[in-house]
Amino acid sequence: MTYNLLEFPEAPPNNRELILNDILSHHQPDLLAVQELQTPNGADLISDFAFNYTTANMQSANFVYNTSGGNNLNQLLFYNADKFDVVVNDQISTNLRDINYYKLQLLTTNSSSTLYIHLFVAHLKASQGDFNEQWRFDMVQSFTDFLFTLPDDARVIFAGDMNFYNSNESAVQQLIIGNTPIPVFDPLDDLGDWHTNASFADLHTQSTRQSNNAFSDFGAGGGLDDRFDFIFLSDNLLDNSQPIYYDTDSYKTIGNNTNCYNNNINASACFGPYDQDLRDDLYNMSDHLPVVLTMNTVDDFLAVKSYTLNDMLTLPNGNHVDQTLKIKWGNHLPEQPIIIYNPLGQNVMQFYAQDNHQSIDMSGLSKGMYYLKIFGYQDVIKFIVH
């Protein structure tokens, strides 16, 4: 998840770390990249109060002030220390704000190779006009120049508040086709003129408010009409044959029900899958919406769940399947993807738990033995398709 927290913790209302806790509980990210974090005290508030919804070992990377310009708006990464180790915590200097760099090691049982992700958190220059576009380009070029120091096959995530108005900006073009050894791409591949364009209403991330009058003029108004917040991925992370890969269709703007163009995010007219309580929290928290996606790895994390797959589900019709796999989930519906492998270890199907009783169509699979596994859990359940 990437989230511009809006001058945290200074901006009103008070105790926004508690609001953030409620927001995060809906998605429970293992990696949270934030922008507009003002102070180490703000980072401590998040660490102490914004992860109360979970028992995961959520920690903060080292807080470092921006050195390139004003140090009142900083970036930081919070991460699940059960799954990741931060082996590099650095900054790339630019002409305005540093770009934070984190080299993450996945804490998996893979004995043949160590898996790394290179995560960059940016907050590019705001506002329209040639001057500001050039400033964004210069900042992005500092990032792409740094990529020459990484291996050509490095797995790269470039996330944050980019302040892009359209995909023709030179900064966007530099990211995807510029002079860089590791291009990064929009997983949605949904390029165009995002600014005040209702055709992209489902992608807009800013502003959650039509007016900032009720918030002591902190943040921007105008309603939801810009796509400023992004998570870009290197090409190897978009390849599901790799040991780490993007879960197709998992890229979401949290709170955007697709029907809120130029409106407050919590307006009653913006109803949909994201409920009123969540949208009220998003309205009060920031003038931006969080953006999320899911990455998968076929390997097991070292810190596996304390309960087993058999505690979570049963196969009421047994493990001999004709064309439909019947699953009965317990009280806990896993939020992680459920993956089916063939005997060669190939991922042949992936889905999510939707209800306590679930029927999965197996008619597209060949006859034989298969393995059902929940991402992040150590054990598997075998079944046979006839």
Side-chain angles (χ1 to χ4, degrees), residues 1-4 33 35 75 92 94-97 99 118-147 155-208 220 222-239 246-256 258-262 287-293 295:
M1 175 185 288
T2 180
Y3 198 4
N4 183 324
Q35 304 87 51
Q75 300 79 243
I92 302 171
T94 78
N95 54 7
L96 178 62
R97 282 181 287 266
I99 297 173
H118 301 264
L119 173 62
F120 299 83
V121 186
H123 185 187
L124 304 184
K125 181 69 173 70
S127 301
Q128 292 177 284
D130 293 343
F131 175 80
N132 294 309
E133 286 190 22
Q134 180 63 42
W135 213 330
R136 285 193 286 276
F137 171 77
D138 292 341
M139 296 178 77
V140 163
Q141 190 162 42
S142 296
F143 160 68
T144 55
D145 286 347
F146 183 86
L147 294 180
R155 304 175 184 92
V156 174
I157 300 176
F158 184 55
D161 178 3
M162 306 301 178
N163 282 305
F164 295 142
Y165 286 86
N166 62 74
S167 59
N168 289 324
E169 282 198 29
S170 55
V172 181
Q173 295 299 305
Q174 172 66 13
L175 289 173
I176 60 179
I177 60 172
N179 179 25
T180 171
I182 309 174
V184 294
F185 302 95
D186 172 16
L188 299 182
D189 194 26
D190 210 341
L191 305 180
D193 187 358
W194 302 301
H195 175 58
T196 61
N197 186 342
S199 298
F200 293 102
D202 59 322
L203 303 183
H204 288 152
T205 67
Q206 199 263 4
S207 171
T208 61
L224 202 63
D225 60 7
D226 277 300
R227 188 190 185 192
F228 285 162
D229 304 87
F230 290 81
I231 304 175
F232 291 96
L233 301 177
S234 55
D235 194 46
N236 50 9
L237 290 176
L238 297 170
D239 181 353
Y246 164 64
D247 182 3
T248 304
D249 297 331
S250 67
Y251 191 110
K252 307 291 182 185
T253 301
I254 299 297
N256 186 337
T258 75
N259 54 359
C260 214
Y261 181 66
N262 276 341
D287 58 343
H288 288 249
L289 293 175
V291 172
V292 302
L293 58 74
M295 304 297 300

Can you name the nearest heavy-atom pair linking [X] to [Y], along with the distance?
X: E133; Y: S170; value: O-OG, 4.3 Å
X: K125; Y: N132; value: NZ-OD1, 2.7 Å
X: S207; Y: A220; value: OG-O, 2.6 Å
X: N262; Y: G222; value: OD1-O, 3.5 Å
X: V184; Y: S234; value: CG1-N, 4.0 Å

What I'd like to find out is whether the side chain of [X] reaches to under 4.5 Å of the side chain of [Y], using heavy atoms alone.
X: I176; Y: P183; value: no
X: V140; Y: L124; value: yes
X: D225; Y: F200; value: no
X: T180; Y: L175; value: no
X: D226; Y: W194; value: no
X: W135; Y: N163; value: no
X: I157; Y: Y246; value: no
X: F228; Y: N4; value: no

Atom [atom1] of [X] and atom [atom2] of [Y]: how far apart are they, to the nearest 0.5 Å?
X: L289; Y: T205; atom1: CG; atom2: OG1; answer: 6.5 Å
X: R155; Y: I182; atom1: CZ; atom2: CD1; answer: 11.0 Å
X: L203; Y: L224; atom1: CG; atom2: CG; answer: 10.0 Å
X: D229; Y: F164; atom1: CG; atom2: CZ; answer: 11.0 Å
X: D193; Y: E169; atom1: CG; atom2: CD; answer: 10.0 Å
X: Y165; Y: N197; atom1: OH; atom2: CG; answer: 14.5 Å

TODO: Given side chain to side chain contact (heavy atoms under 4.5 Å, CB included), test V291 with F230 step by step and report yes or no.
DONE: CA-CA 7 Å; V291 172; F230 290 81; over 6 Å; no

TODO: State, without any angle test, whether Q134 and D138 hold a side-chain donor-acceptor pair at a distance under 3.5 Å.
DONE: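 Indeed, the side chains of Q134 and D138 share at least one donor-acceptor pair under 3.5 Å.
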
Open item on the list: Would the distance check show the side chain of D287 and the main-chain N or O of Q206 forming a donor-acceptor pair, the cut-off being under 3.5 Å?
Closed with: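 Between the backbone of Q206 and the side chain of D287 there is no qualifying donor-acceptor contact (under 3.5 Å).
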
Task: Donor-acceptor contact below 3.5 Å, side chain Y261 vs main chain T196 - done: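 Checking the backbone N and O of T196 against the side chain of Y261, a donor-acceptor pair under 3.5 Å is found.
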
Open item on the list: Which residue is it: D186, N166, D202? I am looking for the one with a side chain to side chain contact (heavy atoms under 4.5 Å, CB included) to R227.
Closed with: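 Filter result, single survivor: D186.
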
Task: Option from I99, I231, T2, L233 for which side chain to side chain contact (heavy atoms under 4.5 Å, CB included) with F158 holds - done: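 Result for side chain to side chain contact (heavy atoms under 4.5 Å, CB included) with F158: I99.
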
Task: side chain to side chain contact (heavy atoms under 4.5 Å, CB included) evaluation trace for Q128 with H195 - done: CA-CA 10 Å; Q128 292 177 284; H195 175 58; 3.6 Å; yes

Open item on the list: Under 4.0 Å between a side-chain nitrogen and a carboxylate oxygen: does that hold for R97 and D161?
Closed with: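 Between D161 and R97 there is no salt bridge, as every charged N stays at least 4.0 Å from the carboxylate O atoms.
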
Open item on the list: Pair F143, V156 - check side chain to side chain contact (heavy atoms under 4.5 Å, CB included), show working.
Closed with: CA-CA 11 Å; F143 160 68; V156 174; 4.1 Å; yes

